[in-house]
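Take a look at the structure below.
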Amino acid sequence: MKETTQTIIVTGGAGYIGSHTIIELLTTTDFNVVSIDNFSNSTPASYDRIKKIANRSFESLNFDLCNEAELNGQLSNIKNIAGIIHFAAYKSVPESMTNPLLYYHNNLTSLNNLLKFALKQNIKNFIFSSSCSVYGNADKLPVTEETELKKAESPYGHTKQIGEDIIRFVCRSELNTVILRYFNPVGAHTSGQIGEFPLNRPNNLVPIITQAAVGKNSLTVFGDKFDTRDGSCIRDYIHVSDIANAHVKALNYLIDKKNKSNTPVFNLGTGDGVSVLEAIKSFEKVSGKKLNYTIGPPREGDVVAVYADNTLARNELSWQPKFGLDDMMASAWKWQQTLEAGN
Ligand code: WQD
């Protein structure tokens, strides 16, 4: 008799990384998917795009994870939950600097409510969306998962540090969790039919670059006097579909009980540090567009440089980033052109 198909809950499933991960789940696994999103930083239109690309449907629920009563009411009757992938969180460094309590409330209350639910429902597998910002200004680069975490430079990064600690203390035995530290997710699905869709003016570099290329935004480089090879900040940009692929690998890693501890941590980066000016040059090369930008003062909350040693994820998860910087920029540009064409 066919085994009852199991369900994966994806919080923040209408968002940038969540939507790409649902596509990966629907196209490479048999899991049913239930997405939870309150559309605070996304739109339900993402769901139609996902279904069209994946040629498969899924369920979705619209509520705020900070509302514990609603969370329990909406999720308690879902059966056969094999795991939870928790993306839903605010993620802008500058916004967290101007509104720290919004970040501490939203990112931590939603996590606490969800963990309580997972423990009560005896859900065994939980994937937490963490970030390279937990490293702060690390003493040594590239950072490995063992690199000492410095003081967080922003409330956003601090909520991810606290979130990881909550998980470590909560998931001693009952819950198997993988903590994934994303570096800088950029780019868009190769179909050009879904990508980053900032509702307001974006804060992240790449959507600002693609909007500047179509005259919808101005581009300022936040500082060019840092102690780096060209004076601009260095990051490890990684294609959002490589991040999505890593989530399916991490899920299978837990379901197949390959984890050697309750809360393994993995860096999801390419291992290549790229400066802001180099990212701009890559975009200009692949798009054929010349970007006019100004040099402005450093942005509060930024770390100077961070990029990954991704050996552990390669070995433990058998994960391999497939896209290079030019591919990332080309896919971001293709998506911006889709948006410009009104598709
Ligand atoms: C990148 C660099 C800016 C805008 C990210 C996100 C999120 C998280 C990791 C996972 C910085 C510079 C930016 C602009 C610029 N990952 N910049 N002009 O700050 O690394 O934050 O942390 O959750 O991806 O929160 O990403 O894209 O904002 O900035 O010069 O208009 O580009 O100073 O050096 P950041 P970002």
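Both counts, for ligands and for their atoms, begin at 1 and track the order of listing.
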For ligand 1, is any non-hydrogen atom under 4.0 Å from [X]'s backbone (N, CA, C, O), its side chain (CB onward), both, or neither?
| X | value |
| --- | --- |
| Thr220 | backbone |
| Tyr237 | side chain |
| Ile208 | side chain |
| Val206 | neither |
| Asn204 | both |
| Ser131 | side chain |

Would you find more than 12 non-hydrogen atoms of other residues, nucleotides or ligands less than 6.0 Å from Glu300 atom CD?
->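 Atom CD in Glu300 is not packed in, count stays at 12 or less.
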
Could you tell me whether Asp256 atom CG has more than 12 heavy atoms of other residues or ligands within 6.0 Å of it?
->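 Counting neighbours around CG of Asp256, more than 12 heavy atoms of other residues, nucleotides or ligands fall under 6.0 Å, so yes.
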
Take Tyr16 and Phe87 through the test ring-ring contact (aromatic ring centres under 6.0 Å, His included) and record every step on the way to the result.
-> CA-CA 9 Å; Tyr16 177 41; Phe87 291 107; over 10 Å; no

In terms of the angle between their ring planes, are Phe266 and Tyr253 parallel, tilted or perpendicular, with boundaries placed at 30° and 60°?
-> perpendicular

Going by the angle between their ring planes, with limits at 30° and 60°, are Tyr103 and Tyr156 parallel, tilted or perpendicular?
-> perpendicular

Quick test: of every protein heavy atom, which one is nearest to [atom], and how far off is it to 0.1 Å?
| atom | answer |
| --- | --- |
| atom 33 (O) of ligand 1 | Asp302 OD2, 2.5 Å |
| atom 30 (O) of ligand 1 | Phe222 N, 2.9 Å |
| atom 23 (O) of ligand 1 | Tyr156 OH, 2.6 Å |
| atom 25 (O) of ligand 1 | Lys91 O, 2.7 Å |

For Thr11 and His86, test the side chains for any donor-to-acceptor distance below 3.5 angstrom and give the result as yes or no.
-> yes

If you measure every N or O of [X] against every N or O of ligand 1, does any of those distances drop under 3.5 Å?
| X | value |
| --- | --- |
| Ser92 | no |
| Ser133 | no |
| Ser130 | no |
| Val276 | no |
| Leu205 | yes |
| Phe183 | yes |

By number and element, which atoms of ligand 1 are closer than 4.0 Å to a non-hydrogen atom of [X]?
| X | answer |
| --- | --- |
| Val93 | 19 (O), 21 (O), 25 (O) |
| Cys233 | 34 (O) |
| Val221 | 30 (O) |

side-chain hydrogen bond (donor to acceptor under 3.5 Å, both in side chains) pairs touching residues 279-288, sequence neighbours excluded, are Ser282-Asp326, Glu284-Lys290, Lys285-Asp326

Residues 114-121, side-chain donor-acceptor partners within the protein, below 3.5 Å, at least two apart:
residue	atom	partner	partner atom	Å
Lys116	NZ	Glu68	OE1	3.4
Lys116	NZ	Glu68	OE2	3.1
Lys120	NZ	Asn72	OD1	3.2

Measure across Phe39 and Ala14 and return the closest heavy-atom pair with its distance rounded to 0.1 Å.
->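 Heavy-atom minimum between the residues: CE2-CB, 3.7 Å.
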
Between Glu24 and Ala244, the two heavy atoms sitting closest are CG-O, 3.9 Å

Please say whether the positively charged group of Lys160, taken as NZ for Lys or CZ for Arg, lies over the ring of Phe128, i.e. under 6.0 angstrom from the six-membered ring centre and within 45 degrees of the axis.
-> yes

Nearest option to atom 5 (C) of ligand 1, as decided by whichever heavy atom of Ile238, Leu268, Asn184 sits closest =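 Nearest heavy atom to atom 5 (C) of ligand 1 lies in Asn184.
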
Evaluating non-hydrogen atoms only, which member of Lys160, Arg235, Arg299, Glu300 is closest to atom 29 (O) of ligand 1?
->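 That would be Arg299.
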
Full working for side chain to side chain donor-acceptor pair (under 3.5 Å) between Ser35 and Asp37 | CA-CA 7 Å; Ser35 173; Asp37 209 303; 5.2 Å; no

